[in-house]
Amino acid sequence: MDDYDGESLWKVPLARYLATHNRVMNSMREVGIELPERRIRIKRNPSERDALLQVCPVCGWWVAIDRAMFCAERSQIWSMTLVSGAVLRDLDIRDISVPIMAVRRYLSAKQQALRDMHPRLFEETVASVFRDFDYRADVTAYSGDGGIDVVLRSTAGDVIGVQVKRKRRSIEVEQIRSFLGALTLGGYRRGVFVATSKFQRGSVEAARISTSRHIPIELVDGDRFLHILGAANMEVPATAHDCGIYAGQDLRFTLHSHFNLNSL
């Protein structure tokens with residue numbers, strides 16, 4: 001998690017802390033727990049106060065933490081922590097107009113959504129990930145692409161054909177053979193087959209034989225793609241701004257912890 005100073009982003013009123021403390025004290029009295037009044041009454045200004053925003057650089061998940069410590073009138077220090085957490089918003093990943101970085105972070109947080117993506121959006125996402133690894137990546141026409149969905153160009157000048165398949169069923173050997181034909185006809189020297197599902201044993205063997213005898217073919221299943229996606233997202237870490245948190249925003253904080261420390 002990456003840490004950001006929360007004091008410039010939100011302000012929790014001291015009245016919220018005082019009201020929270022009084023509510024907890026009333027709850028304790030209701031169950032028969034009584035403390036001396038001078039150890040319950042707290043001073044209005046905290047002795048310590050800090051605010052912290054923690055953001056996952058991969059998926060953009062965040063939690064805002066606001067903590068304060070108050071001295072009681074006598075021999076007691078009360079510590080309270082309030083938190084506000086992100087709620088994973090639903091993203092329509094069948095909508096090809098959704099920003100790619102939003103899609104990438106959503107997939108890192110909700111990996112099972114990978115198989116529900118619009119095929120074109122999946123192609124654009126794959127191309128985006130390869131760009132983060134210093135490839136020039138061009139998505140081909142949606143139809144009539146000759147079996148190649150993305151064309152990669154490395155800094156060394158290599159041209160690589162990529163086929164992208166959004167499927168629930170595992171990839172069969174015939175699909176690898178068809179991909180090999182597309183690579184041959186297109187004059188590609190290497191190929192990468194990216195799928196949301198697994199590869200059948202025959203398809204893995206076909207890729208191995210092609211690699212050893214003709215054109216190298218690399219297979220990337222759904223689990224491996226998500227791993228690569230996470231690594232790529234680390235290169236473009238989410239920030240407080242990406243989380244939609246702006247200075248002065250009114251976040252919804254709830255009580256996380258409330259406890260006392262005896263003082264000397």
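For reference, positions follow the sequence shown, starting with 1.
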*Asks:* Where do I160 and Y135 land on the side chain to side chain contact (heavy atoms under 4.5 Å, CB included) test, with the steps shown first?
*Replies:* CA-CA 10 Å; I160 304 166; Y135 286 95; 3.8 Å; yes
*Asks:* Distance-only, no hydrogens or angles: does the S197 side chain make a donor-acceptor pair with backbone N or O of R168 under 3.5 Å?
*Replies:* no
*Asks:* To the nearest 0.5 angstrom, please state how far the NZ atom of K167 sits from the NZ atom of K165.
*Replies:*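 Answer rounded to 0.5 Å: 7.0 Å.
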*Asks:* Looking only at heavy atoms, what is the nearest atom pair of A182 and I148, with distance?
*Replies:* CB-CD1, 4.1 Å
*Asks:* Set out, in order, the CA-CA distance, both residues' side-chain angles and the distance that settles salt bridge (charged side-chain N to carboxylate O under 4.0 Å, His left out) for R166 and D116, then state yes or no.
*Replies:* CA-CA 8 Å; R166 191 216 64 176; D116 298 325; over 6 Å; no
*Asks:* Test of understanding: clusters of I, L, V, M, F, W, Y form through side-chain heavy atoms closer than 4.5 Å, transitively. Do L229 and F133 belong to the same one?
*Replies:*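 Linked within one cluster.
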*Asks:* Report, as yes or no, whether the 6.0 Å neighbourhood of atom CZ on R94 holds more than 12 heavy atoms from other residues, nucleotides or ligands.
*Replies:* no
*Asks:* With rounding to the nearest 0.5 angstrom, report the OG to CZ distance, S203 to R208.
*Replies:*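 Those atoms lie 13.0 Å apart.
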*Asks:* Any heavy-atom pair between the side chains of R44 and L18 that's under 4.5 Å?
*Replies:* yes
*Asks:* Scan the side chains in residues 184-191 for donor-acceptor partners under 3.5 Å anywhere in the protein, sequence neighbours excluded, and list what turns up.
*Replies:*
from	atom 1	to	atom 2	distance (Å)
T184	OG1	L180	O	2.9
T184	OG1	H214	NE2	3.3

*Asks:* Identify, with sequence neighbours excluded, every residue that meets side chain to side chain contact (heavy atoms under 4.5 Å, CB included) alongside A19.
*Replies:*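 Partners of A19 by the side chain to side chain contact (heavy atoms under 4.5 Å, CB included) criterion come out as none, since no residue qualifies.
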*Asks:* Does a side-chain heavy-atom distance below 4.5 Å link L114 with F225?
*Replies:* yes
*Asks:* Is it the case that the side chain of S79 and the backbone of M69 share a donor-acceptor pair, with hydrogens and angles ignored and the cut-off at 3.5 Å?
*Replies:* no
*Asks:* Among residues at least two apart in sequence or on other chains, which ones pass salt bridge (charged side-chain N to carboxylate O under 4.0 Å, His left out) with D223?
*Replies:* K198
*Asks:* Got a second to check how far S170's OG is from F199's CZ, nearest 0.5 Å?
*Replies:* 10.0 Å
*Asks:* Any chain of hydrophobic side-chain contacts (each under 4.5 Å) joining I176 to I209?
*Replies:*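 Not linked; separate clusters.
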*Asks:* If we ignore hydrogens and angles and just use 3.5 Å, is the side chain of T20 paired with the main-chain N or O of R16 as donor and acceptor?
*Replies:*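 Here the side-chain-to-backbone pair exists.
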*Asks:* Which heavy atom of A113 sits nearest a heavy atom of L107, and at what distance?
*Replies:*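 Heavy atoms of A113 and L107 come nearest at C-CD2, 4.0 Å.
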*Asks:* Are F253 and W10 an aromatic pair, judged by ring center distance below 6.0 Å?
*Replies:* yes
*Asks:* List the atom of D92, the atom of V98, and the distance in Å for their closest heavy-atom pair.
*Replies:* O-CG2, 3.3 Å
*Asks:* Just one of D134, D158, D138 clears the salt bridge (charged side-chain N to carboxylate O under 4.0 Å, His left out) bar with R153, so which one?
*Replies:* D138
*Asks:* With a 4.5 Å heavy-atom cut-off, do V150 and E124 have their side chains touching?
*Replies:*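 Sidechains of E124 and V150: no contact.
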*Asks:* Report the distance from atom CG of D221 to atom CZ of F193, rounding to the nearest 0.5 Å.
*Replies:* 11.5 Å
*Asks:* Does L219 offer a backbone N or O that forms a donor-acceptor pair with the side chain of R224 under 3.5 Å?
*Replies:*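 Yes, the answer is positive, given that a donor and an acceptor are paired below the 3.5 Å cut-off.
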*Asks:* Are the side chains of V151 and R136 in touch, meaning some heavy atoms are under 4.5 Å apart?
*Replies:* no
*Asks:* Anything under 3.5 Å between a donor and an acceptor, one on a side chain of residues 23-37, the other on a protein residue two or more places apart or in another chain? List them.
*Replies:*
from	atom 1	to	atom 2	distance (Å)
N26	OD1	R29	NH1	2.8
N26	ND2	N22	O	3.2
S27	OG	R23	O	3.0

*Asks:* Atom CD of E123 and atom CZ of R120: how far apart are they, to the nearest 0.5 Å?
*Replies:*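 E123 atom CD to R120 atom CZ measures 5.0 Å (nearest 0.5 Å).
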*Asks:* State, to 0.1 Å, how close G202 and V173 come at their nearest heavy-atom pair, and which atoms those are.
*Replies:*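 Between these two residues, the closest heavy atoms are O-CG2, 3.5 Å.
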*Asks:* For a quick test of reading the model, state the closest non-hydrogen atom pair linking V129 to A232 and the distance between them.
*Replies:*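 Looking at all heavy atoms of both residues, the shortest contact is CG1-CB, 4.0 Å.
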*Asks:* For H256, I'd like to know if atom NE2 has over 12 heavy atoms of other residues, nucleotides or ligands within 6.0 Å.
*Replies:* no
*Asks:* T254 versus V83: any side-chain heavy-atom pair under 4.5 Å?
*Replies:*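 The answer is yes; the side chains approach within 4.5 Å.
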*Asks:* Do Q163 and D149 have a side chain donor and acceptor closer than 3.5 Å?
*Replies:* no
*Asks:* I'd like to check the side chain to side chain contact (heavy atoms under 4.5 Å, CB included) partners of S128; sequence neighbours left out, ordered by chain and number.
*Replies:* I100, R104, R131
*Asks:* If Ile, Leu, Val, Met, Phe, Trp and Tyr residues are connected whenever their side-chain heavy atoms lie under 4.5 Å apart, and connections chain through other members, are I228 and V139 in the same group?
*Replies:*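 Both belong to a single hydrophobic cluster.
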*Asks:* If I take atom CG from residue L82 and atom CZ from residue R252, how far apart are they, to the nearest 0.5 angstrom?
*Replies:* 14.5 Å
*Asks:* Within the side chain of T125, is there an N or O that forms a donor-acceptor pair under 3.5 Å with the backbone of L121?
*Replies:* yes
*Asks:* Taking it one step at a time, do L52 and Y4 satisfy side chain to side chain contact (heavy atoms under 4.5 Å, CB included)?
*Replies:* CA-CA 6 Å; L52 178 69; Y4 298 87; over 6 Å; no
*Asks:* Below 30° counts as parallel, above 60° as perpendicular, anything between as tilted: where do the rings of W78 and H258 land?
*Replies:*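 Taking H258 first and then W78, their aromatic rings sit tilted (interplane angle of 30° to 60°).
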*Asks:* Dump the intermediate steps for side chain to side chain contact (heavy atoms under 4.5 Å, CB included) on I65 and T81, then the final yes or no.
*Replies:* CA-CA 7 Å; I65 304 170; T81 301; 3.8 Å; yes
*Asks:* Between N233 and S108, is there a side-chain donor-acceptor contact under 3.5 Å, judged purely by atom types and distance?
*Replies:*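 Yes, side-chain donor-acceptor contact under 3.5 Å.
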*Asks:* Taking salt bridge (charged side-chain N to carboxylate O under 4.0 Å, His left out) as the test, write out the residues that go with R213, two or more places apart.
*Replies:* none
*Asks:* Of all the heavy-atom pairs spanning D5 and A51, show the shortest one and how long it is.
*Replies:* OD1-O, 3.7 Å
*Asks:* Parallel, tilted or perpendicular: which one describes the rings of Y17 and F70, with boundaries at 30° and 60°?
*Replies:*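 Geometry flag for F70 against Y17: tilted rings.
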*Asks:* Report yes or no: does S84 contribute a side-chain atom to a donor-acceptor pair with the main-chain N or O of L251 at less than 3.5 Å?
*Replies:*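 Not a single qualifying donor-acceptor pair exists.
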